[in-house]
Novice: 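For reference, the structure I am asking about is given below.
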Amino acid sequence: MKVYVVEREALIHNIQAIRRFAGPIPIWGVLKGNGYGIGVVPFSKLLHENGIDRFAVTEIKEVEQLRGQFPDAPILMLRSTADPAEINELLDLNAILTVGSYETAVAINGIAAARSTMAEVHLCIDTGMGRFGFQPEDTDKIISVYEYMKNLVISGIFTHFHSAFCNEKATKAQFEAFTGLIERLNAAGYETGMAHCCNSHAFVRHPEMHMDAVRIGSAFLGRLSFKERLGLRRVGYAECTVDEVREIPKGQTIGYGAGYKAKSQMRVAVIGLGWYNGFTAERENDLYRRRDCLRNILKNLKYLFIPRRIIVEVNGKKCRVLGHVGMVHAVVDVNGIDCSIGDRVTAQVNPLYLKGLKVQYR
């Protein structure tokens, strides 16, 4: 049986550590991507049980799942949409909508007016992500939303940092652009409501930017790209069984491309886990600036001198993966350890890349 195990105790530990660090600041539990791969419903229940009662998502299906569990919880749709069908669904679900452009404001306002209702919205400001949002310089355009969109209730305003994990200067510049806009709107007599800008990385690295609320996702799973101060635990691992144990002769090749060749007779185990299940799957490099290309060249060059080893645990013993990882199987070196068909295997897998594994909370 293949499963992805979510350690309930570790997840609760992280939630509590994050709440302590946030203090009185409200936390939006971000559950996009099916709750970062571990399930919107069970994840949200655990958050709610531990004091986090507002959520943020990017898909209507996620709003539906949450509303089925929490009839009165604030649910923020982070994605700006002007699609009439989506707007009507979101209003039916009593979600908070995001307004990322004047055109979106017009669309939401028109549908709310036709329904004789008010739509609660947060304004999205683009300080550098380049996706959704008004430019910080669009003060007059944003003021016109306040002035002319009478069926919108603007209860918040937010932006998103693009490099909080690695670029302090850029993050501060984004923060200054965001707060500068809020100051101009307030000076003009407009209330911006709940202001929030911190994602998980900024939340840890820049507590001075917590503002009125923070948005936390990956930090709950202890999966930040730098060493943090909160003592978070990495949550989640894949679990499968040994499908076969074999003796192979010297010279035997293993995997596609004959990626490994046995230097002597050895004992190997075939395990039921492959890249289809997210094992060894990584985010594809999608940056092609010169410095990014150089960084990737240097990263791969080091493997000429320091061979890369992929490790799993068989019956609690560390074992090296041999050759290329297949679609649904991999082969590991079990020389010198007690190993039989059906034995337990665990491996690190990023839950965002899970496929073909049932998620279990333990």
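For the single chain, residues carry numbers from 1 onward in sequence order. Only this structure's heavy atoms are used, side chains among them; waters, hydrogens and symmetry mates stay out.
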Novice: Cluster question for you: counting only ILVMFWY and a side-chain heavy-atom cut-off of under 4.5 Å, with indirect links fine, are Tyr102 and Ile143 together?
Specialist: yes
Novice: Using a distance-only test with no angle check, is there a side-chain donor-acceptor pair under 3.5 angstrom linking His196 and His122?
Specialist: yes
Novice: Tell me, do Leu66 and Val57 make a side-chain contact under 4.5 Å, heavy atoms counted?
Specialist: yes
Novice: For the residue pair Phe70 and His48, does the interplanar ring angle fall in the parallel (under 30°), tilted (30 to 60°) or perpendicular (over 60°) class?
Specialist: parallel
Novice: Looking at side-chain heavy atoms only, is the closest gap between Val6 and Val235 below 4.5 Å?
Specialist: yes
Novice: Please identify which of these residues, Thr159, Thr179, Thr171, meets the side-chain hydrogen bond (donor to acceptor under 3.5 Å, both in side chains) condition with Thr127.
Specialist: Thr159
Novice: Would the distance check show the side chain of Asp138 and the main-chain N or O of Gln135 forming a donor-acceptor pair, the cut-off being under 3.5 Å?
Specialist: yes
Novice: Would you say the side-chain atoms of Glu62 pair up with the backbone N or O of Gln65, donor to acceptor, closer than 3.5 Å?
Specialist: no
Novice: Donor-acceptor check, side chain of Asp212 to backbone of Ala195, threshold 3.5 angstrom: yes or no?
Specialist: yes
Novice: Can Tyr146 be reached from Val121 by stepping across I, L, V, M, F, W or Y side chains whose heavy atoms are under 4.5 Å apart?
Specialist: yes
Novice: Without hydrogens or angle criteria, can the side chains of Arg115 and Asn88 be said to hold a donor-acceptor pair below 3.5 Å?
Specialist: yes
Novice: Any side-chain heavy atom of Val268 within less than 4.5 Å of one from Leu322?
Specialist: yes
Novice: Quick one: does Tyr36's side chain have a donor or acceptor within less than 3.5 Å of a partner on Asn350's backbone?
Specialist: no
Novice: Can you name the nearest heavy-atom pair linking Leu357 to Val3, along with the distance?
Specialist: CD2-N, 4.0 Å
Novice: With the 4.5 Å side-chain cut-off for hydrophobic clustering, are Ile15 and Ile25 part of the same group?
Specialist: yes
Novice: Testing the basics here: between Phe43 and Gly35, what is the closest heavy-atom pair and its distance to 0.1 Å?
Specialist: CD1-O, 3.4 Å
Novice: Checking Arg205 now: which residues fulfil salt bridge (charged side-chain N to carboxylate O under 4.0 Å, His left out) with it, not counting sequence neighbours?
Specialist: none
Novice: So, do Leu78 and Val30 sit near enough that their side-chain heavy atoms are less than 4.5 Å apart?
Specialist: yes
Novice: Looking only at non-hydrogen atoms, find the nearest pair between Pro136 and Leu181 and report the distance.
Specialist: O-CD1, 3.5 Å
Novice: Quick check: do Trp275 and Val328 have side-chain heavy atoms less than 4.5 Å from each other?
Specialist: no
Novice: Please check: side-chain N/O of Thr241 versus main-chain N/O of Gly342, any donor-acceptor pairing under 3.5 Å?
Specialist: no
Novice: When rounded to the nearest 0.5 angstrom, what distance separates CE in Met77 from CD in Glu89?
Specialist: 9.0 Å
Novice: In the structure I gave you, are the side-chain heavy atoms of Tyr361 and Ile38 within less than 4.5 Å of one another anywhere?
Specialist: yes
Novice: Minimum heavy-atom separation for Gly37 to Leu354, with atom names?
Specialist: O-CD1, 3.8 Å
Novice: Would you please indicate yes or no on a ring centroid separation below 6.0 angstrom for Phe21 and Phe203?
Specialist: yes
Novice: Taking atom CZ as the centre, does Arg362 end up with more than 12 heavy-atom neighbours from other residues, nucleotides or ligands that are less than 6.0 angstrom away?
Specialist: yes
Novice: Minimum heavy-atom separation for Ser101 to Phe134, with atom names?
Specialist: C-CZ, 3.3 Å
Novice: Would you call Lys317 and Glu313 a salt bridge, using N to O less than 4.0 angstrom?
Specialist: no
Novice: Please check: side-chain N/O of Tyr4 versus main-chain N/O of Val349, any donor-acceptor pairing under 3.5 Å?
Specialist: yes
Novice: In terms of side-chain geometry, is the basic nitrogen of Arg344 or Glu239 positioned less than 4.0 Å from the acidic oxygen of its partner?
Specialist: yes
Novice: Please check if any side-chain donor atom of Thr81 sits under 3.5 Å from a side-chain acceptor atom of Glu86, or the reverse.
Specialist: yes
Novice: Exactly one of Ser225, Ser218, Ser163 should register a side-chain hydrogen bond (donor to acceptor under 3.5 Å, both in side chains) with His201. Which one does?
Specialist: Ser225
Novice: Is a side-chain N or O of Arg267 found less than 3.5 angstrom from the main chain of Cys339, in a donor-acceptor match?
Specialist: yes
Novice: Please give me the minimum heavy-atom distance between Ala73 and Phe55, naming the atom from each residue.
Specialist: CB-CE1, 4.1 Å
Novice: Any side chain to side chain donor-acceptor pair (under 3.5 Å) involving residues 253-265? Give me the pairs, sequence neighbours left out, ordered by first then second residue.
Specialist: none
Novice: I'd like to know if the side chain of Arg79 pairs up with that of Thr58 as donor and acceptor (distance under 3.5 Å, no hydrogens or angles considered).
Specialist: no
Novice: Determine yes or no for a side-chain-to-main-chain donor-acceptor pair under 3.5 angstrom, with Asp243 supplying the side chain and Val270 the backbone.
Specialist: no
Novice: Is a donor on one side and an acceptor on the other found under 3.5 Å between the side chain of Lys150 and the backbone of Glu147?
Specialist: yes
Novice: When you check the side-chain N and O atoms of His160 and Arg131, is any donor under 3.5 Å from an acceptor?
Specialist: no
Novice: Could you give the distance from CD1 (Ile125) to CD (Gln174), rounded to the nearest 0.5 Å?
Specialist: 12.5 Å
Novice: Quick one: do Ile254 and Ile271 end up in the same hydrophobic cluster if we chain Ile, Leu, Val, Met, Phe, Trp and Tyr together by side-chain heavy atoms under 4.5 Å apart?
Specialist: no
Novice: Just how far is it from atom CZ of Phe226 to atom SG of Cys166, taken to the nearest 0.5 Å?
Specialist: 10.5 Å
Novice: Any side-chain heavy atom of Phe158 sitting closer than 4.5 Å to one from Met211?
Specialist: no
Novice: Checking Thr98 side chain against Cys124 main chain: does a donor-acceptor pair fall under 3.5 Å?
Specialist: no
Novice: Are Arg233 and Glu7 within salt-bridge range, i.e. N to O under 4.0 Å?
Specialist: no
Novice: Do Leu185 and Ile142 have side chains that get closer than 4.5 Å, going by heavy atoms?
Specialist: yes
Novice: Could you tell me whether Arg54 sits above the aromatic face of Trp28, with NZ or CZ closer than 6.0 angstrom to the six-membered ring centre and within 45 degrees of the axis?
Specialist: yes
Novice: Using a cut-off of 6.0 Å, state whether more than 12 heavy atoms not belonging to Glu247 lie near its atom CD.
Specialist: yes
Novice: Looking at Glu208 and Lys172, does any basic side-chain N land under 4.0 Å from a carboxylate oxygen?
Specialist: no
